[in-house]
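In this text the structure is predicted, and so the values were computed from the model without any measurement.
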Amino acid sequence: MNGITRELIYSPGTQASPLLAALLADPLCNLHERDGNLLQKGEIGLFQSVIMDFFQEYGREFPWRSTTDPYQVLLSELMLQQTQTERVLPKYTEFIERWPDFTAMDAAPFSEILALWKGLGYNRRALALKKIARQAVVSYSGSLPQDLSLLLKLPMVGPATAAAIRAFSWNLPSLYLETNIRRVLIYFFFDAAESINDRELYLLLKELLPPEDPKSWYYALMDYGVFLKKMIKNPNRRSAHYTRQPGFENSNRQIRGQILTVFTESGKATRKDLYRYLSFSEERVDACLNSLMDEGFIAAADAAAAESEPVYMLKEIQ
DNA sequence: ATCCCGGTGA
DNA sequence: TCACCGGGAT
């Protein structure tokens, strides 16, 4: 309860807003029918109690929540970027069983990593995982640095992932703002406001962070945010940063995915092979293959004879 | 067909 | 600030 006792919550001198009073009585109260009540200044301790009470009763359990191993935390956070927990769950388990630490991941063939990654999407994360494993082994004794600025130097590790690694590996008090937490903050503290900037949310997040156990606090906030999402239309649409993706069908993302599938299944291929397998124009296939080469997914296989057509394959990362 | 989910590079 | 990256669920 973060030092907040029942007595304090219900003491006569404590004025709870109507929303908070309802939540204190029943954390699952009919939230989507509330009418514009915001949490008030001075209710932070009470808000923390509501969230932590909810967590004790309804908190979710995940394999990545029962470990403090930086490797397992990093793996889960990379997978959870833009990817829901249900889809991550089986993949995470497979990865941990097959490559249980940075050393194993460092030694793994990239083609196998990418093949197992299939289904999660955003394959650049698999590339980043491989590169981070190398750095962990070479520079960090098979672990990760605790320092925020060092974490931010790792590929595909931005503010959210770095904060998550610090909180979930070492329970260090970072500011962790991701989509479920953003939803909770917007819902409780910004009511009908539109175009809410993350800068404001970070300031609020800092005020709300309990002095102890940020790890449980962030688990609790996320779980409450997931609950909220089931109850109401997504408040994150009022975030200044909310965007929709264009459709997947007939997108470059689809072409890239199909190209990588050809390589994980066939090993090697020429451009003509790709034209045959994929039902997209040669120009689009060429452009996607080129960008995949630029990003380090694919390389030419050996030095082909000058007159023969180049053969491509997945690049081995080291 | 629409929704959802962080980081990068320009 | 903006476009881009991958799918699965519904």
Side-chain angles (χ1 to χ4, degrees), chain A residues 62 64 73-92 113-129 131-132 148-149 151-168 174-184 186 195-199 201-202 205 218 221-223 225-264 278 280 284 287-298:
Chain A
F62 295 110
W64 52 85
V73 172
L74 170 84
L75 177 65
S76 65
E77 290 301 326
L78 274 182
M79 288 182 164
L80 288 162
Q81 288 175 4
Q82 303 293 99
T83 310
Q84 279 108 335
T85 53
E86 316 84 63
R87 285 167 59 196
V88 167
L89 211 34
K91 290 289 181 181
Y92 172 83
I113 299 170
L114 193 61
L116 193 49
W117 192 272
K118 184 144 293 296
L120 286 173
Y122 294 117
N123 298 300
R124 295 200 278 223
R125 297 179 292 172
L127 209 47
L129 174 64
K131 290 176 178 172
I132 292 173
L148 183 62
S149 60
L151 287 171
L152 290 173
K153 290 182 198 278
L154 302 172
M156 293 304 288
V157 175
T161 306
I165 291 169
R166 281 166 52 84
F168 302 145
S174 309
L175 295 182
Y176 180 40
L177 182 61
E178 53 77 75
T179 190
N180 297 301
I181 296 174
R182 183 180 291 112
R183 183 181 306 119
V184 176
I186 289 176
S195 197
I196 300 149
N197 200 287
D198 275 355
R199 276 192 320 135
L201 295 181
Y202 271 111
L205 197 59
Y218 286 131
L221 273 181
M222 286 190 285
D223 290 357
V226 169
F227 159 66
L228 211 45
K229 187 164 176 284
K230 293 175 190 160
M231 305 288 293
I232 59 175
K233 184 179 139 180
N234 195 352
N236 283 344
R237 292 172 176 227
R238 295 192 278 118
S239 163
H241 313 286
Y242 180 84
T243 53
R244 319 189 148 134
Q245 242 319 343
F248 178 66
E249 203 59 30
N250 199 29
S251 69
N252 283 350
R253 278 138 59 221
Q254 185 180 32
I255 299 175
R256 287 165 56 99
Q258 291 185 7
I259 290 176
L260 290 180
T261 299
V262 169
F263 284 109
T264 52
L278 276 57
F280 294 96
R284 294 190 72 189
C288 287
L289 180 64
N290 290 343
S291 67
L292 287 170
M293 292 179 70
D294 288 344
E295 293 168 33
F297 284 97
I298 290 168

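Considering all non-hydrogen atoms of both residues, A/Y176 and A/L205 come closest at O-CD2, 3.3 Å. Across every non-hydrogen atom of A/K91 and A/K118, the tightest pair is NZ-O, 2.8 Å.
The residue A/P159 sits close only to the backbone: its heavy atoms come under 4.0 Å of sugar-phosphate atoms, none of a base. The residue A/Q245 sits close to a base: some heavy atom pair falls under 4.0 Å. A/T161 comes within contact range of the sugar-phosphate backbone alone, with a heavy-atom separation under 4.0 Å but no base atom that close. At the heavy-atom level, A/R256 lies under 4.0 Å from the strands shown only through sugar-phosphate atoms.
A side-chain contact (heavy atoms from CB on, under 4.5 Å) with A/W117 is found for exactly one of A/L127, A/T264, A/N123, namely A/N123.
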Requested in this report: Begin from the C-alpha positions of A/V226 and A/Q84 and carry the test side-chain contact (heavy atoms from CB on, under 4.5 Å) through to its verdict.
Outcome: CA-CA 11 Å; A/V226 169; A/Q84 279 108 335; over 6 Å; no

Query raised in the report: Under the side-chain contact (heavy atoms from CB on, under 4.5 Å) criterion, do A/M156 and A/Y122 qualify, and how do the steps go?
Result: CA-CA 11 Å; A/M156 293 304 288; A/Y122 294 117; over 6 Å; no

Query raised in the report: Can A/E295 and A/S291 be said to form a side-chain contact (heavy atoms from CB on, under 4.5 Å), step by step?
Result: CA-CA 6 Å; A/E295 293 168 33; A/S291 67; 4.1 Å; yes

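Once you apply a 4.0 Å limit to the heavy atoms of chain A, the touched nucleotides of DNA chain C run 5' to 3' over C/dC5 to C/dG8.
A/F263 has its ring centre no less than 6.0 Å from the ring centre of A/F297.
Here A/T179 contributes atom OG1 and A/N234 contributes atom CG; the two are 6.0 Å apart, rounded to the nearest 0.5 Å. Taken from CG in A/N290 to CD1 in A/I298, the straight-line distance is 10.0 Å, to the nearest 0.5 Å.
Atoms OH (A/Y176) and C1' (B/dG7) sit 13 Å apart, rounded to a whole Å. Rounded to a whole Å, the CZ atom of A/R253 is 18 Å from the P atom of B/dT8. Taking atom NZ of A/K229 as the reference point, atom P of B/dC3 lies 12 Å away to the nearest angstrom. In this structure, the CZ atom of A/F248 is 14 Å from the C1' atom of B/dC4, given to the nearest Å. Distance CD1 (A/I132) to P (B/dG7): 11 Å, rounded to an integer number of Å. Regarding A/M222, its CE atom lies at a distance of 10 Å from the P atom of B/dG6, rounded to whole Å. Whole-Å rounding puts the A/L74 CG to B/dG7 P distance at 12 Å. If you measure from atom CG of A/N123 to atom P of B/dT8, you get 16 Å, rounded to the nearest angstrom.
A distance-only check finds a donor-acceptor pair linking the side chain of A/Y218 to the backbone of A/S174 [under 3.5 Å].
Nearest-nucleotide positions on DNA chain C place A/R124 closer to the 5' end than the other of A/G119 and A/R124. Taking the nucleotide of DNA chain B with the nearest heavy atom to each of A/V157 and A/P246, the more 5' of the two is matched to A/P246. For the pair A/L154 and A/Y122, nearest-nucleotide mapping onto DNA chain B gives the more 5' position to A/Y122. Between A/H241 and A/Q254, the residue whose closest nucleotide on DNA chain C is further toward the 5' end is A/H241.
Residue A/R182 places no side-chain N or O under 4.0 Å from the OP1 or OP2 atom of B/dG6.
Of the residues in residues 83-90 of chain A, those lying under 4.0 Å from DNA chain C by heavy-atom distance are A/R87.
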